[in-house]
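To start, the structure under review is shown below, and the notes come after it.
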Amino acid sequence: MTPETGRFAVTNWVMRGPGQSVELDFLVDTRPVLDGQGIRTVWREAGTGRFFGELTRTQDPETGELVQHWYAANGQVWSQTRRRIEIVAGGYDEAFEGEDPFGAFEARVRTRHGPDGYRWTIERRYPGTDWFVVDRGEAVRFEE
C-alpha cells in the first residue's frame, strides 16, 4: 500500500440508492503507523477542512487478512472489517462479508495504482442478487 501514502485529492462517488449517487470531495493524508506495521488515513472535506473520518489498516500476521478500523465522524461510529487480500498486477483485490439494514452481503474491493495516485471500486451482492457498485473513488496525489 506504499503508493497510497502521502496527501491526495479524492473524489468519491457513493451510491445512495438504485441509480442515485452523490459525489464527495476530500483531502486525504495517509501515513505509516505502528512502527510501519500499518497505515493511518485521515479524511477531511475539501474546501472546509472539516474532519470526516479516519481509518487504520494493518495485516494480521496469523491469517494474512487486512484488518481495517474506520471511524465515521458524522455518526461517531467505529467499524471493523477483516478482508482477504490478493496482490495483483497494478494493485490489490479485497473480499469481505458484512451485514447492513438490507441483510447479509458479500463485498469485493478492487484498488489499482497509477502514476498520479490510485482508484478503487467497492461492489456488493446480497443473496440472490448480482454484484453492484456501492462506492468508487479516485485519489490524485496533491501537491501544495
Side-chain angles (χ1 to χ4, degrees), residues 1-34 36-114 116-142:
M1 290 180 263
T2 301
E4 297 171 32
T5 59
R7 177 172 259 199
F8 297 89
V10 171
T11 302
N12 190 201
W13 296 272
V14 180
M15 295 304 294
R16 296 287 191 216
Q20 301 174 345
S21 70
V22 62
E23 182 177 311
L24 305 169
D25 294 303
F26 300 98
L27 283 179
V28 174
D29 286 296
T30 303
R31 301 283 180 252
V33 294
L34 305 170
Q37 299 302 307
I39 60 171
R40 178 176 181 243
T41 304
V42 175
W43 293 64
R44 297 195 177 279
E45 293 177 358
T48 67
R50 186 169 87 63
F51 177 67
F52 185 79
E54 71 176 64
L55 70 98
T56 301
R57 301 176 91 183
T58 59
Q59 190 168 16
D60 183 325
E62 291 182 21
T63 66
E65 292 175 310
L66 194 62
V67 180
Q68 177 172 292
H69 297 270
W70 166 253
Y71 176 73
N74 60 345
Q76 299 179 358
V77 176
W78 279 98
S79 61
Q80 176 184 315
T81 57
R82 296 182 71 83
R83 301 165 176 224
R84 296 173 302 282
I85 185 168
E86 178 183 356
I87 305 301
V88 298
Y92 55 94
D93 294 338
E94 302 169 64
F96 64 97
E97 292 80 34
E99 190 167 339
D100 65 14
F102 302 105
F105 62 82
E106 293 177 79
R108 63 185 180 193
V109 183
R110 293 186 172 118
T111 302
R112 298 298 180 265
H113 302 128
D116 296 345
Y118 59 97
R119 292 187 169 110
W120 73 88
T121 302
I122 303 173
E123 297 176 295
R124 281 189 185 174
R125 75 173 169 197
Y126 296 89
T129 71
D130 288 331
W131 289 103
F132 61 95
V133 175
V134 295
D135 185 298
R136 66 185 177 88
E138 180 177 296
V140 177
R141 195 160 301 279
F142 182 77

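Computed from a predicted structure; not experimentally measured.
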query = Hey, mind stepping through W120 and Y92 against side chain to side chain contact (heavy atoms under 4.5 Å, CB included) and telling me if it holds?
reply = CA-CA 10 Å; W120 73 88; Y92 55 94; over 6 Å; no
ask   = When you look at E99 and Y126, which way does the side chain to side chain contact (heavy atoms under 4.5 Å, CB included) test go after all the steps?
value = CA-CA 9 Å; E99 190 167 339; Y126 296 89; over 6 Å; no
Verdict with supporting geometry, R16 and V134, side chain to side chain contact (heavy atoms under 4.5 Å, CB included) = CA-CA 8 Å; R16 296 287 191 216; V134 295; over 6 Å; no
Residues T81, W70; criterion side chain to side chain contact (heavy atoms under 4.5 Å, CB included); working and verdict = CA-CA 9 Å; T81 57; W70 166 253; over 6 Å; no
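Heavy-atom neighbours of Q76 CD from other residues, nucleotides or ligands within 6.0 Å: at or below the threshold of 12. Within a 6.0 Å radius of CZ in R119, other residues, nucleotides and ligands contribute 12 heavy atoms or fewer. Within 6.0 Å of CG in N74 there are more than 12 heavy atoms belonging to other residues, nucleotides or ligands.
Contact check on R44 versus D25 returns no salt bridge, with no Lys/Arg side-chain nitrogen under 4.0 Å from an Asp/Glu carboxylate oxygen. A salt bridge links D29 to R7: one of the charged nitrogens lies within less than 4.0 Å of a carboxylate oxygen.
Pairing each heavy atom of N12 with each of R136, the nearest pair is ND2-O, 2.9 Å. Pairing each heavy atom of W13 with each of E138, the nearest pair is CZ3-N, 4.2 Å. Between T63 and R82, the shortest heavy-atom contact is OG1-NH2, 3.6 Å. Of all non-hydrogen atoms in Y118 and H113, the two that sit nearest each other are CB-CD2, 3.6 Å. Taking all atoms of both residues into account, the shortest heavy-atom contact from T5 to R141 is O-NH1, 3.0 Å. Smallest separation of non-hydrogen atoms from A139 and V10: CB-CG2, 3.7 Å.
Here the CD1 atom belonging to I39 is positioned 11.0 Å from the CZ atom belonging to R31, to the nearest 0.5 angstrom. Here the straight-line distance linking atom OG1 of T129 with atom CD of E106 works out to 9.0 Å at 0.5 Å rounding. Here CZ of R83 is found 13.5 Å from CD of Q59. Values are rounded to the nearest 0.5 Å. Taking CD of Q80 as the start and OG1 of T56 as the end, the distance is 11.0 Å to the nearest 0.5 Å. Here the CG atom belonging to L55 is positioned 9.0 Å from the CH2 atom belonging to W78, to the nearest 0.5 angstrom. Summarising the geometry, atom CZ belonging to F96 is positioned 5.5 Å from atom CZ belonging to F105; distances are rounded to the nearest 0.5 Å.
You'll find the side chain of D93 reaches within 4.5 Å of the side chain of R112, heavy atoms only.
In summary, of the residues considered (R125, R124, R84), a salt bridge (charged side-chain N to carboxylate O under 4.0 Å, His left out) with E97 occurs for R84 alone.
Classified by interplanar angle (parallel below 30°, tilted 30° to 60°, perpendicular above 60°), the ring pair W43/F52 is tilted.
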